[in-house]
Amino acid sequence: MFPVLLLVWSQFDKNTGTNRTDDPPIGTDRTIRVQASEIANHKNEEVKGMLRVSKIKHCFPLSTVTQRFSSFQAPTQSVIDKAAFDGELRVFIVAGEVSGDNIGSRLMSSLKKLSPLPLRFHGVGGSMMCKQGLTSLFPMEDLAVMGLWELLPHLYKFRVKLKETIDAAAMFKPHVLVTVDSKGFSFRLLKELRARYNQQHLENTPVHFHYVAPSFWAWKGGESRLGVLSEFVDHLFCILPNEERVCREHGVEATFVGHPVLEDSSEINLVKRTCNPQESKLEGLSFLSKYSLPSDSTVISVLPGSRLQEVERMLPIFSKAMKLLKDPFPTLVTLIHVASNSQVDHYIGKYLREWPVPAILVPSGSTQLKYDAFGVSQAALCTSGTVAVELQLARLPSLVAYRAHFLTELFIRYKAKIPYISLPNILLDSPIIPEALFRACNPSNLALILERLLLDEEMREKQVGAAGELARLLHPSESGMSKLVHYSDLDSYRYTPSSLAASTILSYPKQ
């Protein structure tokens, strides 16, 4: 038998023999001793050793990790307790696109802050995850393909990359395996790894987490396919309200951690910025001055996407729309936001020579710079995606556009069961943000809607006014967070989706 790990600290009440619940606030230091104690009737009656970890800064109460050890009768140990035998926590993490790279990097950062053990990462990710200590097996861009018809030319490469990832994960022997979005690749990876564990009759297998639930609510028959996930996903991190409830009803363990865009709010205090128009105006003037732009410029933020295939499809359409806006808005300037994707960066750099109006490239990597650019813009034109939520929470009136291969568009028309494509409209069940989809996504229609969006105050106010309700929907309830982290005083400035996900991973019961 293995020795039992007991977590002992100064908050242990000697009189009652129980753990106190008045944990110190998030971010305080605590000294922990993880001691391997003697097992009753152990043949050699020897203590297996002691591991002391001191002065570790924790960002959530340690009762989250140790709640299952308040009684000596509970045989289950958490992920972090199992990892303590190896002296480190090994995490294999995979993201296949820019939004996943962002989520993955923040999760890695939170795990490093919360874990009482050193961490070692391996897997697939982009530049942001690499900054957190990941050495990617191959460029993340190799997986960044979206659509049905668009995927076909890449199938062989996907199979090769899948096998490479499976072999690397098996060799790494992680305690935890996390996949982020990109469900096509992620679910195949998790499914084949689970099959390999079963075939080899392995006992100490990693816990499988998937971050960002599939959009089952968007497709006909989507909910009926949820049940199979429990065969290879141990826990699902949901980013939208009601997803957790539906997943649990279909036998899939899940936690609503909140939308990743809320991390931006925490990072730059977005609530304060948007509630103080005078401060936002001063920041806008500073941005214009920095790039030597006249204060009377008409500024539009352009966000063509994060995958090369969608940027190649959308940017020429956006360019023609801007050309049509030159006459009604002679001082038009565009801020083109470039995703953290080297292929996209290269393509936009080349295409800029054909751009019809003055343009400034806004590089990725700085949340502050991105929201400064939003703050100085009067409107935005974006390809459908996570950015629609960012723009809505930034109170920037926007137009969402989308085109795909005609076979992919036919499939969407046939299978989709919701009338909207942008997340704010879906959650609010109202066309708050104008959408130009499929054949309606053409230069003349985009220019017409943008002109109206720039001039029609009622249309602008409708979008801006809905931001507060959207933020509320994307945020877990206080009671939900309290149950997870056992800290009832957690507020929006301390909470982040990644910290909730990280605390769930560390305290997850592992048989």
Side-chain angles (χ1 to χ4, degrees), residues 91-101 103-104 107 122-126 129 136-138 140-148 150-152 154-170 172 174 176-199 202 205-240 243-244 246-257 260 307 386 408 411-412 415 501 504-505 508:
V91 179
F92 195 91
I93 184 166
V94 176
E97 53 190 277
V98 172
S99 60
D101 185 37
I103 294 170
L107 177 62
H122 196 33
V124 180
M129 288 169 67
S136 187
L137 287 169
F138 47 81
M140 180 188 70
E141 289 81 4
D142 290 352
L143 305 180
V145 179
M146 183 180 180
L148 296 176
E150 295 90 336
L151 179 63
L152 292 179
H154 302 275
L155 281 178
Y156 176 74
K157 180 177 73 174
F158 266 47
R159 282 196 291 266
V160 172
K161 297 301 180 186
L162 180 62
K163 185 179 184 307
E164 184 180 346
T165 309
I166 290 169
D167 291 341
F172 186 61
V176 171
L177 199 150
V178 183
T179 52
V180 185
D181 211 355
S182 302
K183 65 180 185 296
F185 186 86
S186 295
F187 289 167
R188 284 175 178 82
L189 171 66
L190 297 175
K191 190 173 184 179
E192 293 198 24
L193 277 170
R194 184 57 55 86
R196 180 178 289 198
Y197 307 151
N198 294 337
Q199 187 179 20
L202 299 177
T205 59
V207 183
H208 286 186
F209 295 91
H210 182 71
Y211 205 135
V212 183
S215 304
F216 56 84
W217 36 264
W219 307 101
K220 296 170 185 174
E223 290 185 15
S224 63
R225 294 193 291 271
L226 272 177
V228 298
L229 292 185
S230 61
E231 297 174 8
F232 50 87
V233 176
D234 296 308
H235 203 88
L236 199 60
F237 292 127
C238 304
I239 65 171
L240 299 178
E243 286 183 335
E244 177 185 341
V246 176
C247 286
R248 289 185 179 274
E249 286 174 356
H250 287 80
V252 182
E253 282 195 33
T255 298
F256 174 39
V257 296
R307 305 175 186 92
T386 304
T408 301
F411 176 82
I412 293 172
K415 290 292 289 181
T504 303
I505 289 172
Y508 193 83

To the nearest 0.5 Å, atom CG of L229 lies from atom CZ of F216 at 9.5 Å
Within 45° of the ring axis of F138 and under 6.0 Å from its six-membered ring centre, is that where the NZ or CZ of K161 lies? yes
Report the distance from atom CG of L143 to atom CZ of F185, rounding to the nearest 0.5 Å. 5.0 Å
Nearest heavy-atom pair of A95 and M129: which atoms, and what distance? CB-SD, 3.7 Å
For the atom pair CD (E243) and CG (L226), what is the distance rounded to the nearest 0.5 Å? 9.0 Å
Neighbour count >12 (heavy atoms, 6.0 Å) for atom CZ, R194: yes
Which heavy atom of A213 sits nearest a heavy atom of C238, and at what distance? CB-SG, 4.2 Å
Ignoring hydrogens and geometry, is there a side-chain-to-backbone donor-acceptor pair from D234 to H208 under 3.5 Å? yes
State the NE2-CG distance between H210 and L190, to the nearest 0.5 angstrom. 7.5 Å
For atom NZ of K415, decide whether the heavy atoms of other residues, nucleotides or ligands shown that lie under 6.0 angstrom number more than 12. yes
Using 30° and 60° as the class limits, which term best fits the ring planes of F209 and F237: parallel, tilted or perpendicular? parallel
With rounding to the nearest 0.5 angstrom, report the CD to NZ distance, E192 to K163. 10.5 Å
Distance col, row L193:CG vs T179:OG1, nearest 0.5 angstrom, shows 10.0 Å
Quick check: closest heavy atoms across Y211 and L107, and the distance to 0.1 Å? CD1-CD2, 4.1 Å
Check F232 against V228 and note the closest heavy-atom contact, atom names and distance. CE2-O, 3.5 Å
Please check if the side chain of S186 supplies one atom and the backbone of D181 the other of a donor-acceptor pair under 3.5 Å. yes
Test item: R196 and D167 side chains (from C-beta on) under 4.5 Å apart, heavy atoms: yes
For L240 and W217, work out which heavy atoms get closest and say how close. CD1-CZ2, 3.4 Å
Between E97 and R307, is there a salt bridge with N-O shorter than 4.0 Å? yes
Side chain S136, main chain G125, donor-acceptor under 3.5 Å: yes
So, R248 and E244, do they make that salt bridge, N to O below 4.0 Å? yes
Nearest non-hydrogen partners of H235 and A254, listed with the distance: NE2-C, 3.6 Å
